[in-house]
Amino acid sequence: MAVPPIPSLSASQLATLAALGEERTAGAGDVLYRVGDATYPFIAIQEGEVAILDAAGNEIVRHGARSFLGELNLLSGQTVFVTALVTKPLRYIAVERDALRDVLFDDGPLSDLVLSTFIARREALQTVQGLGLEIVGPRSSDATMAMLDFVRANRLPFNWQDTQTPAGAEPPLVRLPGGIELQHPSRGELLRALGVGRELAPREEVDLLVVGAGPAGLTAAVYGASEGLDTLIVESTALGGQAGSSRRIENYLGFPAGISGTELTGRAVTQARKFGARPATPFRAVALEAGNGRHIVRLEEDHEIAARAVVLATGAAYRRLPLDELHEYEGVSAFYAAGPPEAQQCGASRVAVVGGGNSAGQAAVWLARGGALVTLLHRRADLAETMSDYLIHELDRFGVAVRDRSEIAALHGVNGQLDAVTLKSGEQLPFSAVFFFLGAAPCTEWLDDAVARDPDGFVLTGEAAGADNLLETSVPGIFAAGDVRSGSSKRCAAAVGEGSMAVQFVHQHLARPTARVE
């Protein structure tokens, strides 16, 4: 495990925490919290030392004076993954979770220190063998592979045994910290067992329902709740959406050094909760019924939400190659878009563009014009089968190498930085970045004919939908924002802008006499 830098609290920060919490002491050998516990306070060390141990009792790291304990589960309420053992007599400040949340909203420097440390620790814990969940199930099991994708998306530490489950058990078998076993659990059962799954009533009535918790959805929830709307946000996988799994977003305004998707979306979730929005996961929407005054969204497990306005922010799923290690590179050296930041980053370096359509050709030309040495990899025998003739000539004009019948079998690199790829033919090629243009499918199959969609399934809005404003769909009171919307730019910053704009249109809709609830 790569141990993150150990933070140091300033004297003024310790004083702030002391005013909120309680001074306590502990002797050498005392356990402050252990694997499987449901909760623990924020602990700021004044004197002494604490060792952090894994489930087997192996030491991971030690913390001394002015450091603090904890990681993301302290804020989320997840089951504890490690044990904190006092190794030298301890004097410390204990701050309960709700009080810590309050001060993190008001104290910017302390919030930055705590949140960035918690995120770095969670990322480090995900690399520790034997820590967190134990998932047992064979690669051939679709349910096992779906569970692996789900726990990765939720950034849960886990270990996977690619073996059959015990006789008679349907895979996967999931062992929780503390020893509890779940046989073939649903996503909701798993999160609730870990202490973080929100319970919803069979029927909820709200002012605003946001479906999808990526950047667009989280922004809509923040603005809706902060402006007095009773706001519920539901997400089928992990709060943060695809952006939450990005190792680094390099072109987000105000962060010249970039920001991890985890940190950006984690802050957004915290902000939404601050204003009273209720994030609920994992709840998958399965049907939408337009109504008079209230629209009904039906969820799995027989829940229904009646909302005066709905924002659809379910995003689009980029088609990904089935490479086990791909998630380690995404956002660092593996990308799904090629714009000015990527072109600048990849100038004078070897990059691969994967795909045979026009979007892949346009990206390859753009990157080559920026000075990159570009190779286009596609799986067909003839690029002309899928790409326009003019683009094929542009590839030649700008020196893009084209390799037919070339599919990636493996990625190679360190800490998310790509060094090379291996093709299915066995050949290894040196690349420092790879761009995937394999298409994107909008997450709209559940909508059926409830709102108008384009031929590719993206939601039509504005003039194309016969609506009065840019983000309203063909049904008054139902809006779309972010990647799910037809014609959107598929950029994080644009999704945030649309999420905030959608709430302005929600207010305009709710002010109409036709929006009154009978």
Side-chain angles (χ1 to χ4, degrees), residues 242 246-252 256-258 260-261 318-440 489-492:
Q242 289 190 124
S246 176
R247 292 284 296 275
R248 185 150 296 273
I249 300 171
E250 297 285 357
N251 58 345
Y252 195 79
S260 74
Y318 291 101
R319 295 188 176 93
R320 304 165 75 250
L321 292 181
L323 305 173
D324 290 341
E325 69 276 18
L326 178 57
H327 67 282
E328 299 176 10
Y329 298 89
E330 290 175 323
V332 178
S333 55
F335 307 99
Y336 297 90
E342 292 85 9
Q344 183 177 8
Q345 179 180 341
C346 297
S349 61
R350 296 181 181 274
V351 303
V353 173
V354 180
N358 283 357
S359 59
Q362 291 160 354
V365 170
W366 170 261
L367 293 167
R369 291 179 65 179
L373 302 174
V374 183
T375 299
L376 182 80
L377 306 174
H378 72 102
R379 61 187 176 85
R380 295 180 181 271
D382 186 354
L383 190 58
E385 295 178 28
T386 53
M387 188 178 293
S388 298
D389 186 64
Y390 84 93
L391 269 175
I392 295 176
H393 288 296
E394 288 286 281
L395 295 176
D396 182 61
R397 177 185 172 194
F398 287 99
V400 175
V402 177
R403 295 181 62 107
D404 305 333
R405 295 193 177 96
S406 296
E407 297 182 63
I408 295 177
L411 305 175
H412 310 284
V414 178
N415 294 328
Q417 180 54 59
L418 188 69
D419 294 325
V421 305
T422 297
L423 303 181
K424 288 186 176 180
S425 64
E427 183 180 4
Q428 190 170 103
L429 301 174
F431 294 119
S432 59
V434 59
F435 294 81
F436 296 102
F437 288 87
L438 305 174
S489 68
K490 310 297 186 286
R491 292 285 186 178
C492 182

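Throughout, residue positions are numbered sequentially from 1 according to the sequence presented.
Separating the CG atom in Leu418 from the CG atom in Leu411 is a distance of 6.0 Å, to the nearest 0.5 Å. Summarising the geometry, atom CD belonging to Glu330 is positioned 10.5 Å from atom CD belonging to Glu325; distances are rounded to the nearest 0.5 Å. Atom CZ of residue Arg379 and atom CD of residue Glu407 lie 6.5 Å apart, to the nearest 0.5 angstrom.
Under the side-chain contact (heavy atoms from CB on, under 4.5 Å) criterion, Ala352 pairs with Leu377, Phe431, Val434, not counting sequence neighbours. Not counting sequence neighbours, the partners of Glu394 by the side chain to side chain donor-acceptor pair (under 3.5 Å) test are Arg397. A search for ring-ring contact (aromatic ring centres under 6.0 Å, His included) contacts involving Tyr336 returns Tyr318, Phe436, not counting sequence neighbours. Annotation: side chain to side chain donor-acceptor pair (under 3.5 Å) contacts of Glu427 (sequence neighbours excluded): Arg403. The side chain to side chain donor-acceptor pair (under 3.5 Å) check on Thr422 picks up His412, Gln428, with sequence neighbours excluded.
Between Ala381 and Arg405, the closest heavy-atom pair is CB-NH2, 3.1 Å. The shortest non-hydrogen separation linking Leu321 to Leu326 is O-CD2, 3.7 Å. Minimum interatomic distance between Ala410 and Leu323 (heavy atoms only, all atoms of both residues): N-CD2, 4.1 Å. Considering all non-hydrogen atoms of both residues, Gly416 and Ser333 come closest at O-OG, 2.6 Å. Considering all non-hydrogen atoms of both residues, Ala368 and Val374 come closest at N-CG2, 3.6 Å. Across every non-hydrogen atom of His327 and Arg320, the tightest pair is N-NH2, 4.0 Å.
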Exercise. Go through Asp404 and Asp382 one step at a time and tell me if the side chain to side chain contact (heavy atoms under 4.5 Å, CB included) criterion holds.
Key: CA-CA 7 Å; Asp404 305 333; Asp382 186 354; over 6 Å; no
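The shortest side-chain heavy-atom distance between Leu383 and Leu395 falls under the 4.5 Å cut-off.
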Check residues 386-393 and write down every donor-acceptor pair under 3.5 Å in which the side-chain atom is one partner and the other belongs to a residue at least two apart or another chain.
{"unit_1": "Thr386", "atom_1": "OG1", "unit_2": "Gly356", "atom_2": "O", "d": "2.6"}
{"unit_1": "Ser388", "atom_1": "OG", "unit_2": "Asn358", "atom_2": "OD1", "d": "3.3"}
{"unit_1": "Ser388", "atom_1": "OG", "unit_2": "Asn358", "atom_2": "ND2", "d": "2.9"}
{"unit_1": "Asp389", "atom_1": "OD2", "unit_2": "His393", "atom_2": "NE2", "d": "3.2"}

